[in-house]
**Q** 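I'd like to ask you about the structure that follows.
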Amino acid sequence: MKIGYPCINRTLECKANRTFRLKSYSESKLVEKVENNLNCLDKILKYNIKNNILFFRITSDIVPFASHPICKYNWQKNFRDKFEKIGDVIKNNNIRISMHPDQFIVLNSKNKDVVNRSIDELIYHTEILDLMRLDATAKIQLHVGGAYDDKEKSLDRFVKVYNNLNENIKKRLVIENDDKIFSFKHCIYLYEKTKVPILFDFLHHRVFNNGESIRKVLELQRLTWKKNDGLPMVDYSLQKPNFRPGSHAEKINIKDFQNFLKITYPFDIDIMLEIKDKENSAIKAIELAKKDNRFLT
DNA sequence: TCACGTCAAGCAGAT
DNA sequence: ATCTGCTTGACGTGA
């Protein structure tokens, strides 16, 4: 079991998601931002290692506009060494990595351009992880997409597009249940058609489910991850009181997390804490897991 | 230095 | 029709 947090560290001064406006695009600006982002990613990883945080989601903003036609710069070649060095830090310290392309990536869109641009984004995410020379345990997590008032057709479109993706993408892509359109059950349907592993989002499931117990979900989920995929990943969050269902809490709630550890026992999973105060909650969660005698490696 | 309008991209649901 | 949220607020112009 590993426990981690996504994208941003609130203790360190630097940010690995610096970007800029398309209007002010220039190659020098791109280079400046990528340099900043990679240096900061390196600092965050070292902070995490010091604090025994061995799971981290890398922001999609590492290389701004990477999949946009405006970008002609060969960042893959020119930053290869830096990517490799960061990859070495990750591998030498046995860190688990994920990425989460944002909401604009819709593989089952009815619009062919959207699908093509989405695939370009997946290629970009894949390139980042490949440049770091990470194995297939480094995952790219994606929601299934839009429903367009006909979920069955949407799911079938997803299957068709997925089957035509190249193996480099497929070996990293996992799908996640969302909080209003495609539940865990829909993900199982897609797994049966495509063998795509399922990343289980605990809060989304609380908001939108088909009555399955957590134990049942974890049993099913485990079957969707092959040995090469590493431990199943689970996103954990907590409802922010008095906000719309699914909104993320500001900080960890000890009782709720202890309960989560209890109901997920004895499944060995890697837990991504989607909580606003990031590394602070991760550090607390790791302490709680240790107290609970969970095996943290 | 700071306020604040705006930012590459899709979709659903609320207002 | 327009706004908001989503994994995450930050950019950058103008005063």
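In what follows, every chain begins at residue 1, and chains take the letters A, B, ... in the order their sequences are listed. Predicted model, so just to flag it, every value in this text is computed and none were measured.
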**Q** Looking at A:D179, A:D235, A:D256, which one forms a salt bridge (charged side-chain N to carboxylate O under 4.0 Å, His left out) with A:R206?
**A**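 The single option meeting the salt bridge (charged side-chain N to carboxylate O under 4.0 Å, His left out) with A:R206 is A:D256.
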**Q** Expressed as a whole number of Å, how far does the P atom of C:dG14 sit from that of B:dA8?
**A** 16 Å
**Q** Using a cut-off of 4.0 Å on non-hydrogen atoms, how would the nucleic acid contact of A:T59 be classed: base, sugar-phosphate, or nothing?
**A** nothing
**Q** Start at the 5' end of DNA chain C and walk down; is the nucleotide closest to A:F20 or to A:H100 reached first?
**A** A:H100
**Q** Is there a side-chain contact between A:T19 and the phosphate of B:dC7, meaning an N or O under 4.0 Å from OP1 or OP2?
**A**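 False: A:T19 side-chain N/O out of range (4.0 Å or more) of B:dC7 OP1/OP2.
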**Q** Once the angle between the rings of A:Y162 and A:F158 is folded into 0 to 90°, is it parallel (under 30°), tilted (30 to 60°) or perpendicular (over 60°)?
**A** parallel
**Q** When you check the gap from the basic side-chain N to the acidic O, do A:D229 and A:K171 get nearer than 4.0 Å?
**A**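 The answer is no: the pair does not qualify as a salt bridge.
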**Q** Assign A:S60 to base, sugar-phosphate, or nothing according to its heavy-atom contacts below 4.0 angstrom with the strands shown.
**A**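 The answer is nothing, as A:S60 stays clear of every strand by at least 4.0 Å.
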**Q** Expressed as a whole number of angstroms, how long is the span from A:I8:CD1 to C:dC6:C1'?
**A**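 Taking CD1 of A:I8 and C1' of C:dC6, I get 14 Å after rounding.
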**Q** Does A:R18 put a side-chain nitrogen or oxygen below 4.0 Å from OP1 or OP2 of C:dA10?
**A** no
**Q** For DNA chain C, just give me the dot-bracket, please: Watson-Crick or G-U, both distances below 3.5 Å, ( ) intra-strand, [ ] crossing earlier pairs, | paired with another strand, . unpaired.
**A** ||||||..|||||||
**Q** I'd like the C1' distance from B:dT1 over to C:dT8, given in whole Å.
**A** 25 Å
**Q** Determine the interatomic distance between P on B:dA9 and the same-named atom on C:dG12; round to the nearest Å.
**A**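 Nearest-Å result for B:dA9 against C:dG12 at atom P: 16 Å.
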**Q** The criterion is salt bridge (charged side-chain N to carboxylate O under 4.0 Å, His left out); which residues satisfy it with A:R117, sequence neighbours excluded?
**A** none
**Q** Kindly compute the distance separating OG (A:S183) from CG (A:D178), expressed to the nearest 0.5 Å.
**A** 8.0 Å
**Q** What integer distance in Å separates A:I105:CD1 from B:dA8:P?
**A**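 Rounding to the nearest Å, CD1 of A:I105 and P of B:dA8 are 15 Å apart.
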**Q** Can a side chain N or O of A:K180 be found less than 4.0 Å away from OP1 or OP2 on B:dG13?
**A** no
**Q** Residues two or more places apart in sequence or in another chain: which of them pass side-chain hydrogen bond (donor to acceptor under 3.5 Å, both in side chains) with A:T59?
**A** none
**Q** Of the options C:dG9, B:dA8, B:dG10, whose atoms approach the side-chain atoms of A:R117 most closely?
**A**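 Shortest atom-to-atom distance from the side chain points to B:dG10.
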**Q** For A:H143 and for A:S24, locate the closest nucleotide of DNA chain C by heavy-atom distance; then report the residue assigned to the nucleotide nearer the 5' terminus.
**A** A:H143
**Q** When you compare C:dC3 with B:dT6, how far apart are their C1' atoms, in angstrom units rounded to a whole number?
**A**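 Straight-line distance between the two C1' atoms is 15 Å.
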**Q** Is A:E274 touching bases, backbone alone, or none of the nucleic acid, heavy atoms closer than 4.0 Å?
**A** sugar-phosphate
**Q** Output the rounded distance in Å from CG (A:D61) to P (B:dC7).
**A** 17 Å
**Q** Just how far, in rounded Å, is P of B:dA12 from CG of A:N111?
**A** 13 Å
**Q** Rounded to whole angstrom units, what separation is found between the CG atom of A:N37 and the P atom of C:dG9?
**A** 16 Å
**Q** Could you tell me how far apart A:Q141 (CD) and C:dC6 (P) are, to the nearest whole angstrom?
**A**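 One finds 15 Å between P of C:dC6 and CD of A:Q141, rounded.
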**Q** Which of these nucleotides, C:dC11, B:dG10, C:dT8, is closest to any side-chain atom of A:S109?
**A** B:dG10
**Q** Could you tell me whether A:I181 contacts a base, only the sugar-phosphate backbone, or nothing, with contacts defined as non-hydrogen atoms closer than 4.0 Å?
**A**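 Contact class for A:I181: sugar-phosphate only.
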**Q** In the structure I gave you, are the side-chain heavy atoms of A:E32 and A:N37 within less than 4.5 Å of one another anywhere?
**A**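 No; the side chains remain at least 4.5 Å from each other.
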**Q** Using the six-membered ring of A:Y191, assess whether NZ or CZ of A:K195 lies under 6.0 Å from its centre and within 45 degrees of the ring axis.
**A**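 Yes, cation above the ring, under 6.0 Å and within 45°.
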**Q** Flag the pair A:V234 / A:F260 as yes when at least one side-chain heavy-atom distance between them is below 4.5 Å, and no otherwise.
**A** yes
**Q** Has A:F104 got its ring stacked on B:dG10, by the test of a centre gap below 5.5 Å and a plane angle below 30°?
**A**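 Given the distance and angle limits, no, they do not stack.
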**Q** Taking atom P of C:dG12 as reference, at what distance in whole Å does atom CZ of A:R21 sit?
**A**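 Distance check: A:R21 CZ to C:dG12 P gives 6 Å.
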**Q** Output the single nucleotide from C:dC11, B:dG10, B:dA8 whose closest atom is nearest the side chain of A:H68.
**A** B:dA8
**Q** Using whole Å, what does the distance between atom C1' of nucleotide B:dG10 and atom CG of A:D178 come to?
**A** 13 Å
